[in-house]
Amino acid sequence: MDCMVSHPASARSSATHAVTNQAPPLAPYDASDDPVLLEGLRREGAGWAEEGLRRLGLRAGSAEAQEWADLANRHEPVLRTHDRYGNRVDEVDFHPSWHHLMRTAVAEGLAGAPWAEDRTGAHVARTAGGLVWGHTDAGHGCPTSMTYAAIPALRREPELAKVYEPLLTGREYEPELRVPTEKRGLLAGMGMTEKQGGSDVRTNTTTATPTAESGVYTLRGHKWFTSAPMCDVFLVLAQAPGGLSCFLVPRILPDGSRNTFRIQRLKDKLGNRSNASSEPEFDATVAWLVGPEGQGVKTIIEMVNCTRLDCVMMSATLMRKTLVEAGHHARHRSAFGARLIDQPLMRNVLADLALESEAATTLTLRLAGAADRAVRGDAGEQAFRRIATAVGKYWVTKRGPAFTAEALECLGGNGYVEDSGMPRHYREAPLLSIWEGSGNVNALDVLRALRRDPDTARALFGELALAQGADARLDSAVARLKDLLATASEAGARRLVEHMALTLQASLLVRYAPPAVADAFCATRLGGDWGHAFGTLPDAADVDAVLARALPGGN
């Protein structure tokens with residue numbers, strides 16, 4: 001018998017697998033460790049919320065919360081149309097991690113809470129909270145966003161608002177379907193689009209038939225993309241005798257019976273997979289009229305303005321999250337004899353991403369400030385908000401996919417595997433440009449605002465004038481914008497709105513950012529000293545100063 005040397009299986013299997021030159025896990029980290037965020041919070045009137053925001057930032061960056069996000073996306077919602085006895089229930093089951101995320105978000109005031117706070121900056125504080133808590137999972141931001149946005153629309157019907165607003169603005173998360181008035185907190189959704197029209201909601205075919213009871217209707221029809229179907233109430237558009245109208249649809253009726261809300265299927269989406277998006281069917285579904293008949297779009301448009309702001313916010317959040325991930329990897333990974341963070345070309349890429357991220361975050365908080373002041377009766381801010389939110393929605397969400405792709409590439413092959421989390425962020429990014437009006441819809445909305453309400457253009461140029469004379473490239477861009485407005489056309493709407501967005505972002509950075517940031521942004525985005533991809537900043541750009549500001553813990 002030959003003599004053989006025996007080696008333990010564990011030793012053989014690990015002999016070639018010593019792990020070196022890999023970045024450690026990012027978590028735990030502080031998601032609020034961002035001077036751009038904190039400076040904007042104070043500047044827009046919500047400095048009082050800083051302590052709570054920092055606390056939330058530590059929680060968002062904790063290993064526990066990051067695991068919640070991962071699990072909620074790996075274990076997707078499951079539709080359950082019937083119970084074990086055959087009764088129709090139309091419920092969606094979520095992984096416990098989804099409920100942990102939701103419970104935190106609602107308790108932290110990221111749903112309807114700001115509408116109940118008589119404090120300057122309440123809406124800014126909520127947006128800042130979203131910029132931080134969004135470092136976990138984007139999907140659960142959908143029901144919190146719709147709940148927040150439902151309040152101003154619901155106020156068009158004071159009697160309904162009296163009943164539901166105190167519950168929609170509460171900080172208690174109760175996911176079970178029960179009679180709404182028996183719960184301590186509610187969530188609201190929206191049902192606008194139908195398969196034959198999409199964003200063209202005036203072509204909706206869902207009908208609303210008046211009953212003998214004043215203000216009560218029954219709906220019949222099929223909605224195409226209704227997210228978060230486990231919300232307690234929904235704002236829905238339907239064709240009443242007087243035209244397209246807005247209605248409040250509860251899942252559970254006051255007598256405890258289930259309203260007809262048949263979920264035909266859940267959408268198999270590219271991203272946003274922790275969140276359920278559904279096709280509900282209405283058939284003799286009880287609904288209450290919100291606002292006058294025939295004014296459905298006018299009633300619900302305020303809801304759309306709010307959710308558009310949240311799309312900008314979430315895009316800015318994804319930018320910041322993926323930049324932090326890329327910077328963390330570059331700080332700990334070495335190649336070709338040096339750490340990635342020390343290599344000039346990688347520093348150029350990261351600095352270019354940092355400029356884009358700072359511009360997005362700064363604009364987001366400026367829009368939140370405008371929303372907060374508009375709620376309090378500032379007509380000028382209302383006009384600015386009307387146009388600037390559509391501009392920001394178009395541009396910031398449009399930049400998101402390219403940004404997240406570049407940040408993913410900073411991790412190389414490590415970024416392409418699911419365990420890194422980067423593929424989830426990459427799949428999420430296109431959604432924010434599509435929901436609440438795609439790029440074309442928002443660009444055309446800017447044109448309509450300019451043509452219907454001259455105050456919007458005056459408000460925009462009034463904002464830009466605050467930076468006049470500070471940078472010659474910015475002054476030239478403002479002059480160019482005036483020329484573009486004079487010849488504005490539908491075919492050129494994207495080009496106009498892109499220029500508008502870049503000019504607005506540059507003006508904010510010139511006023512508020514360090515000179516190195518403002519100069520590099522104006523040189524590249526306005527001055528043309530830039531390539532067609534991230535990482536093409538000119539040699540004159542102060543990359544060191546940009547990175548020292550952008551990456552937590554320094555270079």
**Q** Between T362 and Q505, is a side-chain contact (heavy atoms from CB on, under 4.5 Å) present by the stated rule, with each step listed?
**A** CA-CA 8 Å; T362 302; Q505 286 182 319; over 6 Å; no
**Q** Please find out if less than 6.0 Å separates the ring center of Y217 from that of W288.
**A**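 So the answer is no for these two rings.
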**Q** Examine distances only and state if a side-chain atom of T404 and a backbone atom of P401 form a donor-acceptor pair shorter than 3.5 Å.
**A** yes
**Q** With the side chain counted from C-beta on, respond yes when E108 and W133 share a heavy-atom pair under 4.5 Å apart, and no when they do not.
**A**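 Of all side-chain heavy-atom pairs linking W133 with E108, none is under 4.5 Å.
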**Q** Would the number of heavy atoms belonging to other residues, nucleotides or ligands and lying under 6.0 Å from CG of D483 be above 12?
**A**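 Yes.
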**Q** Please check if any side-chain donor atom of R385 sits under 3.5 Å from a side-chain acceptor atom of N305, or the reverse.
**A**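 No pair is found: no donor N or O on one side chain lies under 3.5 Å from an acceptor on the other.
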**Q** Side chains of N275 and N272: is there a donor and an acceptor less than 3.5 Å apart?
**A**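 N272 and N275 do have a side-chain donor-acceptor pair below 3.5 Å.
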**Q** Is the backbone N or O of G121 less than 3.5 Å from a side-chain atom of D372, with the two atoms forming a donor-acceptor pair by type?
**A**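 It does hold such a pair.
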**Q** Could you label the plane-to-plane angle of the F282 and F261 rings as parallel, tilted or perpendicular, counting under 30° as parallel and over 60° as perpendicular?
**A** tilted
**Q** Closest heavy-atom contact between T144 and R126?
**A** O-NH2, 4.0 Å
**Q** Partners of K162 by salt bridge (charged side-chain N to carboxylate O under 4.0 Å, His left out), sequence neighbours excluded?
**A** E159
**Q** Determine whether T456 and F384 make a side-chain contact, defined as any pair of heavy atoms from C-beta on separated by less than 4.5 Å.
**A**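 They are not in side-chain contact.
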**Q** Is it true that a side-chain atom of T389 and a backbone atom of R386 form a donor plus acceptor pair closer than 3.5 Å?
**A**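 No; zero donor-acceptor contacts below 3.5 Å.
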**Q** Is the side chain of T211 donor-acceptor paired with the backbone N or O of V216 at a distance under 3.5 Å, no angle test?
**A**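 Yes; at least one donor-acceptor contact below 3.5 Å.
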**Q** Looking at R119, is its backbone amide N or carbonyl O close enough to the side chain of R376 to form a donor-acceptor pair, meaning the two atoms are under 3.5 Å apart?
**A** yes
**Q** Compare every heavy atom of R308 with every heavy atom of A390, then report the nearest pair and how far apart it is.
**A**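 Nearest pair, atom of A390 first, then R308: CB-NH1, 4.3 Å.
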**Q** Kindly determine whether M500 and L450 satisfy side-chain contact (heavy atoms from CB on, under 4.5 Å), including the steps that lead there.
**A** CA-CA 12 Å; M500 199 176 289; L450 291 168; 4.2 Å; yes
**Q** Minimum heavy-atom separation for M102 and P143, please, with both atom names.
**A** SD-CG, 3.8 Å
**Q** Looking only at heavy atoms, which two atoms of R156 and P292 are closest? And how far apart?
**A**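 Smallest heavy-atom distance, with atoms named: NH2-CD, 3.9 Å.
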**Q** Evaluate the criterion side-chain contact (heavy atoms from CB on, under 4.5 Å) for residue pair R320 and L131; output intermediate values, then yes/no.
**A** CA-CA 9 Å; R320 179 63 188 171; L131 287 163; over 6 Å; no
**Q** Assess whether atom CZ of R495 is packed by more than 12 heavy atoms of other residues, nucleotides or ligands within 6.0 Å.
**A** no
**Q** Taking G243's backbone N and O only, do any of them form a donor-acceptor pair with S245's side chain (distance below 3.5 Å, no angle check)?
**A** yes
**Q** Can you give each donor-acceptor pair under 3.5 Å made by side-chain atoms of residues 510-519, sequence neighbours left out, with the distance rounded to 0.1 Å?
**A**
from: R511; atom 1: NH1; to: E463; atom 2: OE2; distance (Å): 2.9
from: D519; atom 1: OD1; to: R473; atom 2: NH2; distance (Å): 2.7

**Q** Restricting to non-hydrogen atoms, name the atom on L504 and the atom on S507 that form the minimum distance, rounded to 0.1 Å.
**A**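 Minimum heavy-atom contact is O-OG, 2.7 Å.
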**Q** Mind checking whether V446 and N442 have side chains closer than 4.5 Å, heavy atoms only?
**A** no
**Q** Do T206 and L237 make a side-chain contact, defined as non-hydrogen atoms from C-beta onward lying under 4.5 Å apart?
**A**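 The answer is no, as the side chains (C-beta and beyond) never meet within the 4.5 Å cut-off.
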**Q** Name all residues meeting the salt bridge (charged side-chain N to carboxylate O under 4.0 Å, His left out) criterion together with E381; count only those two or more places apart in sequence or in a different chain, and write none if there are none.
**A**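 Listed in chain order: R366, R373.
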**Q** Are the side chain of D455 and the backbone of A383 linked by a donor-acceptor contact shorter than 3.5 Å?
**A** no
**Q** Restricting to pairs with a member in residues 459-481, which pass ring pair (Phe, Tyr, Trp, His ring centres under 6.0 Å), not counting sequence neighbours?
**A**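 Qualifying pairs: none.
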**Q** Cut-off 3.5 Å, no hydrogens considered: what does the side-chain donor-acceptor table look like for residues 183-190, sequence neighbours left out?
**A**
from: K183; atom 1: NZ; to: E174; atom 2: O; distance (Å): 2.6
from: K183; atom 1: NZ; to: E176; atom 2: O; distance (Å): 2.7
from: K183; atom 1: NZ; to: D232; atom 2: OD1; distance (Å): 2.6
from: R184; atom 1: NE; to: E174; atom 2: OE2; distance (Å): 2.6
from: R184; atom 1: NH2; to: E174; atom 2: OE2; distance (Å): 3.1

**Q** Verify side-chain contact (heavy atoms from CB on, under 4.5 Å) between L41 and L365, making sure each step is shown before the conclusion.
**A** CA-CA 7 Å; L41 180 77; L365 290 168; 5.5 Å; no
**Q** Could I get the full list of salt bridge (charged side-chain N to carboxylate O under 4.0 Å, His left out) partners for R202, not counting sequence neighbours?
**A** none
**Q** Would you indicate whether the side-chain heavy atoms of Y394 and D445 approach each other to under 4.5 Å?
**A**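 They are not in side-chain contact.
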**Q** Is the backbone of N204 close enough, under 3.5 Å, to the side chain of Q239 for a donor and an acceptor to pair up by distance?
**A** yes
**Q** Given salt bridge (charged side-chain N to carboxylate O under 4.0 Å, His left out), test R54 with E50 step by step and report yes or no.
**A** CA-CA 6 Å; R54 288 181 178 273; E50 184 171 338; 3.1 Å; yes
**Q** For Q468, does the CD atom sit with more than 12 other heavy atoms under 6.0 Å from it, leaving out its own atoms?
**A**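 No.
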**Q** Holding to salt bridge (charged side-chain N to carboxylate O under 4.0 Å, His left out), I want the full list of residues that pass it with R59, two or more places apart in sequence or in another chain.
**A**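 Residues passing salt bridge (charged side-chain N to carboxylate O under 4.0 Å, His left out) with R59: none at all.
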**Q** Do we see a donor-acceptor contact under 3.5 Å between the side chains of T205 and E194?
**A**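 There is such a pair (donor and acceptor under 3.5 Å, judged by atom type) between the side chains of T205 and E194.
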**Q** Do R399 and E356 sit within salt-bridge range, that is, some charged N less than 4.0 Å from a carboxylate O?
**A** yes
**Q** Flag the pair P35 / R549 as yes when at least one side-chain heavy-atom distance between them is below 4.5 Å, and no otherwise.
**A** yes
**Q** What closest approach, in Å, do T127 and M313 show between heavy atoms, and which atom pair accounts for it?
**A** O-SD, 3.4 Å
**Q** Name all pairs fulfilling the ring pair (Phe, Tyr, Trp, His ring centres under 6.0 Å) condition that reach into residues 157-189, sequence neighbours left out, sorted by first residue then second.
**A** H99-Y173
**Q** Test your reading of the model: is there a side-chain donor-acceptor pair from T104 to the backbone of H100, 3.5 Å cut-off?
**A**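 Looks like yes, one N/O pair under 3.5 Å.
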**Q** For H425, give me all partners under side chain to side chain donor-acceptor pair (under 3.5 Å), at least two apart in sequence or on another chain.
**A** none
**Q** For K223 and T193, test the side chains for any donor-to-acceptor distance below 3.5 angstrom and give the result as yes or no.
**A**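 Their side chains do not contain a donor-acceptor pair, so the 3.5 Å distance test is not met.
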**Q** Of all residues at least two apart in sequence or in a different chain, which pass the side chain to side chain donor-acceptor pair (under 3.5 Å) check with D137?
**A** N73, H140, S274
**Q** Identify, with sequence neighbours excluded, every residue that meets side chain to side chain donor-acceptor pair (under 3.5 Å) alongside T147.
**A** none
**Q** Can you tell me how far CZ of R480 sits from CG of L526, rounded to the nearest 0.5 angstrom?
**A** 12.5 Å
**Q** Listed by chain and number, what are the side chain to side chain contact (heavy atoms under 4.5 Å, CB included) partners of A287, not counting sequence neighbours?
**A**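 Per chain and number, A287 pairs via side chain to side chain contact (heavy atoms under 4.5 Å, CB included) with L219, F247, V249.
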**Q** Is the shortest side-chain heavy-atom distance between L248 and V236 below 4.5 Å?
**A** no
**Q** Are N440 and S438 linked by a side-chain donor-acceptor pair shorter than 3.5 Å?
**A** no
**Q** Report yes or no: does T169 contribute a side-chain atom to a donor-acceptor pair with the main-chain N or O of A116 at less than 3.5 Å?
**A** no
**Q** Report yes if some heavy atom in the side chain of T226 is under 4.5 Å from a heavy atom in the side chain of F234; otherwise report no.
**A**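 Answer yes - side chains close enough.
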